[in-house]
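Here is the structure we will look at.
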Amino acid sequence: MAVLIRRGDEDAGAVLIKVNRLELGCQVYSQIRDEHGQLAWFAGTGSDLVPESEADAYIQRQAHYDADLWVVEVEDPKANYGLSGPVVAV
């Protein structure tokens, strides 16, 4: 299940995806461009799962910097969800 939890500007704003593994924790990914200009993802909360409160705090910090931020939450208890692009380190 996926839910839009924050609606940004229709023409602007970054996109975050919060992958919620429920009791196991969460990861938040930010959509970026790689060195070739291709869409990619950055693991904003790190490579490991974090408690949901940490994921939500990360989202709130990002919303402070970008009022046009879009956030989608995906419930994924079985780790079936795959991002539509590579996850890169910056």
Side-chain angles (χ1 to χ4, degrees):
M1 178 174 77
V3 176
L4 180 65
I5 59 173
R6 182 180 171 90
R7 184 179 190 88
D9 184 273
E10 293 196 22
D11 297 318
V15 175
L16 298 181
I17 295 183
K18 175 184 171 185
V19 179
N20 190 338
R21 301 276 316 278
L22 305 178
E23 62 273 346
L24 297 176
C26 300
Q27 286 179 295
V28 180
Y29 296 95
S30 178
Q31 191 175 46
I32 61 171
R33 298 257 178 205
D34 67 13
E35 66 274 6
H36 305 291
Q38 301 297 313
L39 288 177
W41 296 94
F42 167 71
T45 52
S47 59
D48 295 326
L49 295 169
V50 298
E52 188 168 14
S53 60
E54 284 185 39
D56 291 341
Y58 176 82
I59 291 168
Q60 288 302 316
R61 286 192 304 274
Q62 297 307 306
H64 177 75
Y65 298 115
D66 183 358
D68 298 325
L69 184 69
W70 290 80
V71 182
V72 176
E73 181 172 351
V74 177
E75 285 188 6
D76 186 27
K78 295 182 180 178
N80 292 325
Y81 179 73
L83 294 165
S84 62
V87 177
V88 297
V90 290

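No experiment lies behind these values; they were computed from the predicted model shown. Quick note: numbers below take in every heavy atom, side chains included, and nothing from hydrogens, waters or symmetry partners.
The minimum heavy-atom distance between Arg6 and Ala67, with the atom names listed, is NH2-O, 3.2 Å. In this structure, Asp34 and Ala40 approach most closely via the heavy-atom pair CB-CB, 4.4 Å. Contact between Ala43 and Val87 at its shortest, heavy atoms only, is N-CG1, 4.2 Å. Here the shortest heavy-atom pairing between Pro77 and Leu22 reads CB-CD1, 3.7 Å. Among all heavy-atom pairs drawn from Gly46 and Gln27, the shortest one is O-NE2, 3.6 Å. The two atoms that bring Leu39 and Gln31 nearest to each other are CD1-NE2, 3.7 Å, heavy atoms only.
Following chains of ILVMFWY side-chain contacts shorter than 4.5 Å, one cannot reach Val88 starting from Leu83, and the two form parts of different hydrophobic clusters. Hydrophobic clustering of Ile, Leu, Val, Met, Phe, Trp and Tyr side chains at less than 4.5 Å, counting indirect connections, keeps Leu16 apart from Val72. Hydrophobic clustering (ILVMFWY, side-chain heavy atoms < 4.5 Å, transitive): Val71 and Met1 are in one cluster. Linking ILVMFWY residues whenever their side-chain heavy atoms come closer than 4.5 Å, directly or via other members, leaves Leu24 and Tyr81 in distinct clusters.
When atom types are taken as modelled, the side chain of Trp41 and the backbone of Val28 share no donor-acceptor pair closer than 3.5 angstrom.
Pairs engaging residues 66-85 under the salt bridge (Lys or Arg N to Asp or Glu O under 4.0 Å) rule: Lys18-Glu73 [sequence neighbours left out]. For residues 38-51, the set of pairs meeting the salt bridge (Lys or Arg N to Asp or Glu O under 4.0 Å) definition, not counting sequence neighbours, is empty.
Taking CG of Leu69 as the reference point, atom CG of Asp9 lies at 11.5 Å (rounded to 0.5 Å). Taken to the nearest 0.5 Å, the OH atom of Tyr58 stands 5.0 Å off from the OG atom of Ser30. Here the straight-line distance linking atom CD1 of Ile59 with atom CD of Glu54 works out to 12.0 Å at 0.5 Å rounding.
When the salt bridge (Lys or Arg N to Asp or Glu O under 4.0 Å) test is applied to Glu10, the partners found at least two apart in sequence or on another chain are Arg7.
Looking at Ile17 and Val74, their side chains come closer than 4.5 Å, going by heavy atoms from C-beta outward.
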